[in-house]
Every structure is written in structure tokens, then in C-alpha cells.
Amino acid sequence: MFLILKIGCLAAYALALAGLAGLLSSELASRMQNVAAVLLILHALEVVFMFKHVRKYRGALLVSVLLTLLFGLLHWRPLAKAQGSKQA
């Protein structure tokens, strides 16, 4: 399920970039750019408010922040669940 949602996020970003490149109609490009902007804003807020989970990533912190910007809770939620199961 997470994979499908991650692909959806990537598709929204790809379509927004295609709109910027002039490959989409202006109406569709505008909509996709708005969708991508909203996703990025929400995910940026997630980085701030869920940073305690974002930093639990085993790799570099910058990579975790970038993954959270791209995927939001699809990235940090499994990290939070894994930490919760270790404490229980």
C-alpha cells in the first residue's frame, strides 16, 4: 500500500515538472503544480513537527529529511512504528 502511495507522490511531482517544462496543457500544469506545492508544504511541516521520528532513520539525516519532503508520513511513520515496537 505504501508503495502505491509513494508512486502517487512521485507521479504528482513528475507531472508538475512536466508542466513547468511545457509538456502539459496550461490548466493541467497549473493544477499539478498546485498539488505538488501543497504536498511539499505539508511534508515540510511534517519534517518540523515529526523530527523526532525523521531522525531515527539509519542513514544520513539529510537523506531522511529529503525522503520526508518527498513522501511525508510514508517515510517517517514506519520509523515511528519500529521504534514503538522496540520499546514495548
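By convention here, the first residue in the shown sequence is residue 1. The figures here come from the full heavy-atom set of this structure, side chains too, leaving out hydrogens, waters and symmetry mates.
Side chains of Val38 and Leu42 form a contact here, defined as non-hydrogen atoms less than 4.5 Å apart.
The salt bridge (charged side-chain N to carboxylate O under 4.0 Å, His left out) contacts involving residues 71-80 comprise nothing, where partners must be two or more places apart or lie in separate chains. Listed by first then second residue, pairs satisfying salt bridge (charged side-chain N to carboxylate O under 4.0 Å, His left out) with a partner in residues 27-45 read Glu27-Arg31, not counting sequence neighbours. For residues 58-83, the pairs satisfying ring-ring contact (aromatic ring centres under 6.0 Å, His included) are His53-Trp76, Tyr57-His75, with sequence neighbours left out.
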Practice problem: Go through the steps to decide whether Phe51 and Leu61 satisfy the test side-chain contact (heavy atoms from CB on, under 4.5 Å), and finish with yes or no. | Solution: CA-CA 10 Å; Phe51 190 73; Leu61 180 59; 3.8 Å; yes
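The shortest heavy-atom contact between Ala29 and Gly19 is CB-CA, 3.5 Å. The heavy-atom pair separating Glu46 from Thr68 by the smallest distance is CB-CG2, 4.3 Å.
Linking ILVMFWY side-chain heavy atoms closer than 4.5 Å, directly or via other members, places Leu79 and Val47 in a single hydrophobic cluster. If you chain together hydrophobic residues whose side chains sit under 4.5 Å apart, Leu69 and Leu15 never meet in one group. In the hydrophobic clustering of ILVMFWY residues, with side-chain heavy atoms under 4.5 Å counting as a link, Val63 and Leu70 come out together.
Annotation: the span from Leu67 atom CG to Leu74 atom CG amounts to 11.0 Å, rounded to 0.5 Å. His43 NE2 to Met50 CE: the interatomic distance, rounded to the nearest 0.5 Å, is 12.5 Å.
Partners of Ala18 according to the side-chain contact (heavy atoms from CB on, under 4.5 Å) rule, which considers only residues two or more places apart in sequence or in another chain, are Leu23, Leu24. With sequence neighbours left out, the side-chain contact (heavy atoms from CB on, under 4.5 Å) criterion links Leu40 to Tyr13.
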Hey, can you pull the donor-acceptor pairs under 3.5 Å for the side chains in residues 1-12, sequence neighbours left out?
none

